[in-house]
Amino acid sequence: MTQTIDSSASLPSAPPTSFLEVRDLHVTFPTDDGMVRSVDGLSFKVERGKTMGIVGESGSGKSVTSQAILGLHNSTRAQVSGQIWLDGEELVGKSSEEIRPLRGNKMAMIFQDPLSSLHPFYTIGDQIVEAYRVHNKVSKDVAKKRAIEMLDRVGIPNAAKRVDDYPHQFSGGMRQRVMIAMALVCDPQLLIADEPTTALDVTVQAQILDLMRDLQKEFNSAIILITHDLGVVAEIADDVTVMYGGRAVEQGSVRDVFYSPQMPYTWGLLASMPRLDRDRKGRLDPIPGNPPSLINLPNGCVFSPRCVYRDRVGAACVTDRPDLTPVSDTHRVRCHIPAEQSQRIWLNELNPNL
Amino acid sequence: MTITTSTESGTGVPLRPDALLQVRNLRKHFPITQGILFKRQVGAVKAVDGITFDIANGETLGLVGESGCGKSTAGRTIAKLLEPTSGNIIFNGADITGYSRSQMRPLRSEMQMIFQDPFSSLNPRHTVGTIVGAPYRVQGSLSDKDIKTRVQGLLERVGLNPEHYNRYPHEFSGGQRQRIGVARAIALQPKLIICDEPVSALDVSIQAQVVNLLEDLQSEFGIAYIFVAHDLSVVRHISDRVAVMYLGQIMELADRDTLYSQPRHPYTHSLLSAVPLPDPDSGSRRERILLTGDLPSPINPPSGCVFHTRCWKAQDRCKVEVPLVREISAGHQIACHFPEDRPVFGQGGQTIHGPAPTDQELAAQERDRDLARGGAVTGENIAHETELGWQKRQD
């Protein structure tokens with residue numbers, strides 16, 4: 001823990017210029033088995049009108065990060081340190097009373113499973129009206145008009161009638177539209193979408209992604225898109241953070257990460273998925289092994305036990321923790337393989353075989 | 001019950017007598033009933049509505065479609081976990097459609113299933129040894145000691161530590177649990193395994209491990225797979241032939257390369273164009289087909305071609321005339337009046353929109369929702385009533 005405090009003390013405390021800036025975020029959960037380091041020194045920036053995609057496997061800390069930004073962690077259970085700046089305001093350390101006016105108003109969230117995140121006993125109209133009236137002093141009628149307007153905007157046919165329906169009366173795709181309408185009802189400047197399309201079919205997923213793109217253009221909001229689907233990220237994100245074991249292992253623009261990835265974990269993700277736009281491979285190339293336990297993280301590079309390129313570097317991989325080092329203005333990589341060598345590996349060995 | 005021939009089933013699909021499994025015009029309807037003492041049937045969810053296909057030994061047939069298209073129900077009905085409403089399932093030359101549970105039991109060693117959710121498909125109170133050894137105990141031919149040796153061999157074969165014989169499912173990760181499910185399925189060396197979304201609950205990197213394992217086992221033991229999944233890229237990777245389902249019917253069936261490089265059904269085109277590609281620049285190079293709305297209700301499927309309400313090519317004929325399954329080239333079957341000729345990803349940058357649902361359709365959807373809410377959809381109780389007495393509510 002001392003390391004955490006030292007590193008956050010050395011951070012600049014001046015408010016940043018970006019709309020959202022996360023600096024050296026740590027989220028740890030003390031448990032009987034030891035400290036679970038879910039997020040371990042994560043930093044990124046998102047501007048308004050831009051989309052940051054966060055990719056990683058289950059347990060890589062993606063969702064914990066989004067909950068930290070929204071201040072949803074129970075302070076008796078989770079220890080959050082570092083800095084989260086939203087529009088010049090520092091969020092870490094704020095009490096829940098101070099965060100509540102921001103949540104739902106300035107920043108909102110879309111969850112993966114709309115059926116369990118909507119209340120089954122209330123009509124969707126009631127739920128959207130409630131979300132609107134918490135932050136705006138208006139009458140119920142005005143709020144309901146606004147709810148109908150939003151439902152119409154997200155493409156629910158017959159919105160004036162459907163507003164009185166219950167969540168179970170909607171299909172999965174329509175429920176996700178309701179969630180988006182509820183999240184956007186107060187014009188939030190930051191929208192966090194946690195696996196928004198994972199539970200949906202491809203044809204409906206295409207509709208929802210299209211809708212999110214349109215709404216972003218209209219409201220100029222910043223979006224953080226959390227997903228494990230690299231296809232969705234390529235389609236909609238401007239910047240990408242690849243997370244593994246609670247850290248960012250590669251960060252860059254979407255073109256950096258998809259056209260010249262430099263970290264073996266990103267390579268592994270790209271190589272292990274079958275692709276419709278390439279010739280069919282005889283065999284898939286999975287990443288061997290399983291994701292690490294967040295209690296006992298491996299020494300050295302967190303990915304080293306599963307990394308097939310470890311032999312090319314030597315002992316450093318298992319002894320030293322690599323830093324997130326810039327390889328270009330927009331692109332940062334956490335790996336011991338020198339940048340030139342990893343570019344060669346990607347171009348000559350990996351890219352042709354995807 | 002006699003074996004239906006291809007002409008009787010109303011399809012131009014040639015019969016393959018050497019096939020391991022022949023499915024002929026299979027239907028599975030779940031009745032919706034109203035009333036407590038006197039249950040009246042007021043409708044039916046037509047989950048599977050007349051599908052026909054063959055599977056040869058050692059072959060993989062992919063079954064793709066959106067959720068609610070009946071692909072999982074089809075898999076479960078073929079395994080006789082659900083009683084078929086009508087049609088025939090001919091496995092290994094025997095018509096098993098009307099087989100009772102006890103008649104099915106000896107056949108279970110030849111037909112196994114792998115389930116989607118590795119968390120709920122393993123009994124949390126049983127050790128891995130008990131779970132994987134269960135098929136042997138049911139068949140009752142081996143001593144306990146032999147079972148243990150076999151199970152440990154199986155665990156090793158699927159990439160687990162044989163010493164974990166006495167551990168419980170919660171001690172394993174998702175991918176490892178799915179391996180336990182695979183070990184249980186291959187225990188009796190079946191000829192056919194029905195895989196119901198076996199990798200969709202797993203992370204990408206783990207998904208590839210399990211897909212490779214399934215392929216290795218297939219080449220080692222010559223198992224045939226029915227691979228039910230919604231992920232089109234995984235299905236392309238693993239399948240020899242692929243069937244695309246929509247609202248309980250097969251829209252298009254072809255070998256893998258034909259289906260993915262020269263699909264002819266508009267629905268296949270729209271599915272393929274909706275898959276997001278891990279290539280940021282692909283958006284400008286590829287044509288997009290955006291379907292509007294959701295899958296219509298299987299309680300009251302659209303008249304004529306079931307896809308006509310969302311199809312951008314639909315004409316008047318599609319609304320009244322059901323397109324028959326026909327073979328347009330060897331092994332390539334399609335149910336469409338106006339097959340599509342465009343290349344898979346079309347011209348770049350264009351977007352085709354499907355028709356928006358009409359007010360009439362919306363009202364019909366609402367009626368079906370009310371019906372499903374008012375009545376109860378019941379599962380097994382009418383399994384053998386077959387097609388007698390279907391009555392649609394007349395409002």
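Below, chain A is the first sequence line, B the second, and so on; all start at residue 1. As the structure is a prediction and not an experimental result, all values here were calculated from the model.
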Participant: Find the one option among B:Ala274, B:Pro278, B:Ala208, B:Gly65 whose heavy-atom pairs under 4.5 Å with chain A are most numerous.
Facilitator: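 The residue among B:Ala274, B:Pro278, B:Ala208, B:Gly65 with the greatest pair count is B:Pro278.
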Participant: Tell me, for B:Val204 versus chain A, whether the close heavy atoms (under 4.5 Å) come from the side chain, the backbone, both or neither.
Facilitator: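 It is both, since atoms from each part get that close.
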Participant: For B:Leu290, which atoms come within 4.5 Å of any heavy atom of chain A: side chain, backbone, both, or neither?
Facilitator: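 When you check distances to chain A, only side chain atoms of B:Leu290 fall under 4.5 Å.
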Participant: Using heavy-atom distances under 4.5 Å, tell me whether B:Asp281 contacts chain A through its side chain, its backbone, both, or neither.
Facilitator: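 For B:Asp281, heavy atoms of backbone and side chain both lie under 4.5 Å from chain A.
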Participant: Do B:Asn300 and B:Ser297 pair up side chain to side chain, a donor and an acceptor below 3.5 Å, judged on atom types alone?
Facilitator: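 Short answer, no.
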Participant: Where does B:Glu215 contact chain A at under 4.5 Å (heavy atoms): side chain, backbone, both or neither?
Facilitator: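 Just its side chain gets close to chain A.
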Participant: Counting heavy-atom pairs under 4.5 Å with chain A, which one of B:Gln209, B:Arg236, B:Arg310 comes out on top?
Facilitator: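 The option with the most such pairs is B:Arg236.
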Participant: Check the pair B:Arg286 / A:Asp277 against salt bridge (charged side-chain N to carboxylate O under 4.0 Å, His left out), numbers first and verdict last.
Facilitator: CA-CA 10 Å; B:Arg286 125 195 223 225; A:Asp277 54 340; over 6 Å; no
Participant: Most heavy-atom pairs under 4.5 angstrom with chain B, which of A:Gly172, A:Gly56, A:Gly155, A:Ser171?
Facilitator: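 Ranked by contacts with chain B, first place is A:Ser171.
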Participant: Heavy-atom pairs under 4.5 Å with chain A are the metric here; pick the option from B:Asp216, B:Leu232, B:Leu271 that has the most.
Facilitator: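 With the most close heavy-atom pairs to chain A, the winner is B:Asp216.
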Participant: Need one label for A:Arg278: side chain, backbone, both or neither, based on atoms under 4.5 Å from any heavy atom in chain B.
Facilitator: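 The backbone, not the side chain.
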Participant: Report yes if some heavy atom in the side chain of B:Arg241 is under 4.5 Å from a heavy atom in the side chain of B:Leu259; otherwise report no.
Facilitator: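 Contact flag for B:Arg241/B:Leu259 side chains = no.
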Participant: Side-chain contact test, heavy atoms from C-beta onward, threshold under 4.5 Å: evaluate it for B:Tyr225 versus B:Ser239 and give yes or no.
Facilitator: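 Of all side-chain heavy-atom pairs linking B:Ser239 with B:Tyr225, none is under 4.5 Å.
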Participant: With only heavy atoms counted, which part of A:Asp279 is less than 4.5 Å from chain B, the side chain, the backbone, both or neither?
Facilitator: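 The backbone, not the side chain.
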Participant: With A:His331, which of A:Arg255, A:Glu250, A:Gln251 fulfils side chain to side chain donor-acceptor pair (under 3.5 Å)?
Facilitator: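 Among A:Arg255, A:Glu250, A:Gln251, the one meeting side chain to side chain donor-acceptor pair (under 3.5 Å) with A:His331 is A:Glu250.
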Participant: If we define contacts as heavy-atom pairs under 4.5 Å, which of A:Ala271, A:Pro286, A:Gly268, A:Ala237 has the most with chain B?
Facilitator: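 Ranked by contacts with chain B, first place is A:Pro286.
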Participant: Look at the side chain of A:Asp239 and the backbone N and O of A:Val46, then say whether any donor-acceptor pair between them is shorter than 3.5 Å.
Facilitator: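 Absent.
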Participant: Would one find more than 12 heavy atoms of other residues, nucleotides or ligands at under 6.0 Å from atom CD of B:Glu163?
Facilitator: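 Check fails, neighbour count at 12 or below.
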Participant: Go through A:Pro274, A:Ala206, A:Gly282 and name the one with the most non-hydrogen pairs under 4.5 angstrom from chain B.
Facilitator: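 With the most close heavy-atom pairs to chain B, the winner is A:Pro274.
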Participant: What part of B:Ser173 is in contact with chain A, defined as an atom under 4.5 angstrom from a non-hydrogen atom: side chain, backbone, both or neither?
Facilitator: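 Side chain only.
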Participant: Evaluate the ring planes of A:Tyr309 and A:Trp267, with Trp represented by its six-membered ring, and classify them as parallel (under 30°), tilted (30 to 60°) or perpendicular (over 60°).
Facilitator: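 Because their plane-to-plane angle is over 60°, the rings of A:Tyr309 and A:Trp267 count as perpendicular.
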Participant: More than 12 foreign heavy atoms under 6.0 Å from OH of A:Tyr259: is that the case here?
Facilitator: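 Count over threshold, so yes.
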Participant: Just so I understand: if I count every heavy-atom pair under 4.5 Å between each of A:Lys281, A:Arg275, A:Glu235 and chain B, which residue has the most?
Facilitator: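 Heavy-atom pair counts peak at A:Arg275.
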Participant: Is the closest side-chain heavy-atom distance between B:His265 and B:Val244 below 4.5 Å?
Facilitator: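 The answer is no, as the side chains (C-beta and beyond) never meet within the 4.5 Å cut-off.
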Participant: Against chain B, label A:Glu57 side chain, backbone, both or neither, depending on which of its atoms sit under 4.5 Å from a heavy atom there.
Facilitator: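 Both parts, backbone and side chain.
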Participant: Between B:Ser200, B:Ser205, B:Ser270, who has the most heavy-atom pairs with chain A when the cutoff is under 4.5 Å?
Facilitator: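 Heavy-atom pair counts peak at B:Ser205.
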